[in-house]
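Just below is one structure, and these are the notes that go with it.
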There are 2 protein chains.
Amino acid sequence: MRRPAEETRRHILDVAGDLFYSRGVRAVGMDLVIGTAGVANATLYRQFANKDELVTAYLVSRNEHWWQRLRETAAAAPSPRARIKALFDLTRQDMASPGYRGCATLNITSEFPDADHPAHAAAVAHKNEVQTWLSEQLREAGDANPDDTAGKLLIILDGAQVLAAAMATDTPGDHMIQLAEQLLDTRLPAPL
Amino acid sequence: MRRPAEETRRHILDVAGDLFYSRGVRAVGMDLVIGTAGVANATLYRQFANKDELVTAYLVSRNEHWWQRLRETAAAAPSPRARIKALFDLTRQDMASPGYRGCATLNITSEFPDADHPAHAAAVAHKNEVQTWLSEQLREAGDANPDDTAGKLLIILDGAQVLAAAMATDTPGDHMIQLAEQLLDTRLPAPL
DNA sequence: GACAAGAGAGAACGATCCGTCTCATCCTCG
DNA sequence: CGAGGATGAGACGGATCGTTCTCTCTTGTC
């Protein structure tokens with residue numbers, strides 16, 4: 001069984017990810033992950049040394065997947081502004097899907113406030129990457145102060161996500177789109 | 001000791017609140033609350049039947065205190081728009097204070113995703129009250145669609161809080177103020 | 001066909017956690 | 001002064017948690 005090693009790791013990560021995301025990390029015990037994955041105790045601990053390591057791997061994997069989705073949809077966008085819109089559309093789509101529980105990255109920072117925790121560090125790193133990506137798109141689109149606008153877009157993005165999750169509504173999705181459009185209209189030069 | 005009963009309850013609630021807020025509810029055990037409060041085990045459980053009850057009382061108490069602060073500062077405001085601005089100024093002030101961990105209400109919804117949990121219900125109720133308050137101020141200020149604007153203001157407010165806590169920066173505070181001002185400028189009729 | 005490696009099943013450990021209980025003490029009120 | 005009630009200190013139980021360990025069985029490789 002040479003191959004299944006990687007497969008098993010992926011399977012455990014998927015199962016743990018679903019549980020962590022839907023119920024919260026601290027509310028999910030390792031026994032539950034093991035039982036739900038239908039895997040042996042030793043098998044999990046051969047792939048992940050700690051729960052902390054499993055949690056960090058969950059967040060990293062989820063963020064990688066998110067980047068992949070964004071790049072796919074952004075690739076078809078003709079302009080940097082369209083790429084930014086693709087990000088917001090993608091987020092609104094997530095918010096409307098059943099079982100939406102908000103941004104996994106933000107939930108991690110809420111559950112693990114200690115900045116030294118590896119999962120917390122991974123979360124902060126991801127948010128920084130997103131902000132950098134936004135800033136690059138904005139600069140390319142002609143924004144005179146891209147860092148500033150990127151910070152504001154991130155506020156709109158995360159605020160809508162956290163509210164949608166808390167209130168179990170998707171109206172923040174529409175508000176988010178409108179706010180972002182309005183902000184971009186005032187910051188970006190008119191096209192053509 | 002007839003009087004101390006209420007005093008003790010308040011003391012326990014304050015101590016537990018500080019711990020819950022700074023470290024997260026699930027990360028704080030009852031033993032730690034008991035030890036930090038310098039109180040006997042039975043004393044705590046005579047005031048609060050469960051941990052759930054203590055957590056809910058913590059959130060309710062904190063929100064009551066927040067409303068009190070808002071009403072105090074808003075009382076001096078001459079217009080509904082000034083009252084809204086008072087809310088944002090108050091939030092920015094909180095964000096700049098040391099040990100800021102974001103909005104306690106949002107943290108609760110993140111730690112207790114189950115909508116049936118009493119603390120989660122209290123959190124949702126509070127967010128609804130704030131949105132209603134905002135909507136009332138906006139209607140009074142002449143907003144044609146106060147509910148819509150209130151939802152957007154809440155996104156800005158909560159987004160900035162969650163980002164400030166996660167990234168341990170207070171720049172979201174400035175962004176938040178600017179976003180709110182800009183939104184109000186486009187929604188409210190010009191004064192005088 | 002033999003062997004090493006990984007998988008499953010599960011026991012077991014120490015720690016922690018929430019909550020109940022006992023008991024001696026101290027304060028307050030009658 | 002005496003009685004009642006709340007308090008502090010702490011033992012205790014059952015549950016769960018994260019983690020380590022053993023033991024057997026399967027499976028792919030040589």
Side-chain angles (χ1 to χ4, degrees), chain A residues 1-59 107-108 111-114 116-120 122, chain B residues 1-59 108 111-114 116-120:
Chain A
M1 281 189 176
R2 272 292 168 286
R3 284 305 99 194
E6 271 302 307
E7 253 178 62
T8 303
R9 184 187 161 91
R10 168 55 50 186
H11 172 62
I12 293 172
L13 207 50
D14 287 344
V15 169
D18 288 345
L19 290 171
F20 287 160
Y21 179 73
S22 62
R23 306 193 194 183
V25 173
R26 298 197 104 112
V28 172
M30 294 297 265
D31 290 354
L32 181 61
V33 174
I34 289 163
T36 308
V39 96
N41 193 318
T43 303
L44 186 151
Y45 278 100
R46 202 175 297 115
Q47 299 294 334
F48 306 95
N50 298 331
K51 182 177 184 180
D52 282 353
E53 198 173 300
L54 177 61
V55 172
T56 308
Y58 143 68
L59 187 63
N107 288 339
I108 287 288
E111 275 199 285
F112 300 94
D114 184 4
D116 295 336
H117 195 287
H120 184 104
Chain B
M1 282 188 174
R2 271 292 169 288
R3 286 305 95 198
E6 271 303 306
E7 254 178 60
T8 302
R9 183 188 161 93
R10 167 57 49 187
H11 172 63
I12 293 172
L13 206 51
D14 288 344
V15 168
D18 288 345
L19 291 171
F20 287 159
Y21 179 71
S22 61
R23 306 193 193 183
V25 173
R26 299 197 104 112
V28 172
M30 295 297 266
D31 291 353
L32 181 61
V33 174
I34 289 164
T36 307
V39 96
N41 193 318
T43 304
L44 186 151
Y45 279 100
R46 200 174 300 113
Q47 298 295 334
F48 305 95
N50 298 333
K51 183 177 185 181
D52 283 352
E53 197 173 303
L54 177 61
V55 173
T56 308
Y58 143 68
L59 187 63
I108 287 289
E111 276 199 285
F112 300 94
D114 184 2
D116 294 337
H117 195 287
H120 184 105

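A, B, ... follow the sequence lines: proteins, then strands. Residue 1 opens every chain. We use all heavy atoms of the structure for the numbers below, so side chains are in, but hydrogens, waters and symmetry mates are not.
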Rounded to the nearest angstrom, tell me the gap between atom CZ in A:R23 and atom C1' in D:dT16. 15 Å
Rounded to the nearest 0.5 Å, how far apart are CG of A:N41 and CZ of A:R46? 10.0 Å
Quick check: on DNA chain D, is the nucleotide nearest A:A27 upstream (toward 5') of the one nearest A:A49, or the reverse? Name the residue that is more 5'. A:A27
Of the options D:dT7, C:dG19, D:dT19, whose atoms approach the side-chain atoms of B:Y45 most closely? C:dG19
B:N50 has its side chain closest, among D:dG8, C:dG19, D:dT20, to C:dG19
From CG of B:D31 across to C1' of C:dC18 the rounded distance in Å is 8 Å
To the nearest 0.5 Å, tell me how far A:Y45 OH sits from A:I34 CD1. 6.0 Å
Distance in angstrom units between A:I34 CD1 and C:dG10 P, rounded: 13 Å
Of all the nucleotides listed (D:dT19, D:dT7, C:dG19), which has the minimum atom distance to the side chain of B:M30? C:dG19
A:F20 CZ to D:dG18 C1': how many Å, rounded? 12 Å
Is B:R46 near enough to D:dT7 that one of its side-chain N or O atoms lies under 4.0 angstrom from OP1 or OP2? yes
Rounded to the nearest angstrom, tell me the gap between atom CD1 in B:I12 and atom C1' in D:dT7. 11 Å
Among the nucleotides C:dG19, D:dT19, D:dT7, which one has an atom lying closest to any side-chain atom of B:T43? D:dT7
In whole Å, what is the span from the CD atom of B:Q47 to the C1' atom of C:dG19? 16 Å
Using only heavy-atom distances, decide whether a donor-acceptor pair under 3.5 angstrom links the side-chain of B:N41 to the base of C:dT20. yes
What is the distance, to the nearest angstrom, from the CD atom on B:E7 to the C1' atom on C:dC27? 14 Å
For B:D52 and B:H117, what are the C-alpha separation, side-chain angles and deciding distance, and is it a side chain to side chain donor-acceptor pair (under 3.5 Å)? CA-CA 8 Å; B:D52 283 352; B:H117 195 287; 3.0 Å; yes
Is a side-chain donor or acceptor of B:E111 paired with a backbone partner of B:R26 at a separation under 3.5 angstrom? yes
Rounded to whole angstrom units, what separation is found between the NZ atom of A:K51 and the C1' atom of D:dC17? 8 Å
Is it true that a side-chain atom of B:Q47 and a backbone atom of B:T8 form a donor plus acceptor pair closer than 3.5 Å? no
Heavy atoms only, 4.0 Å cut-off, all strands: where does B:V33 land among base, sugar-phosphate and nothing? nothing
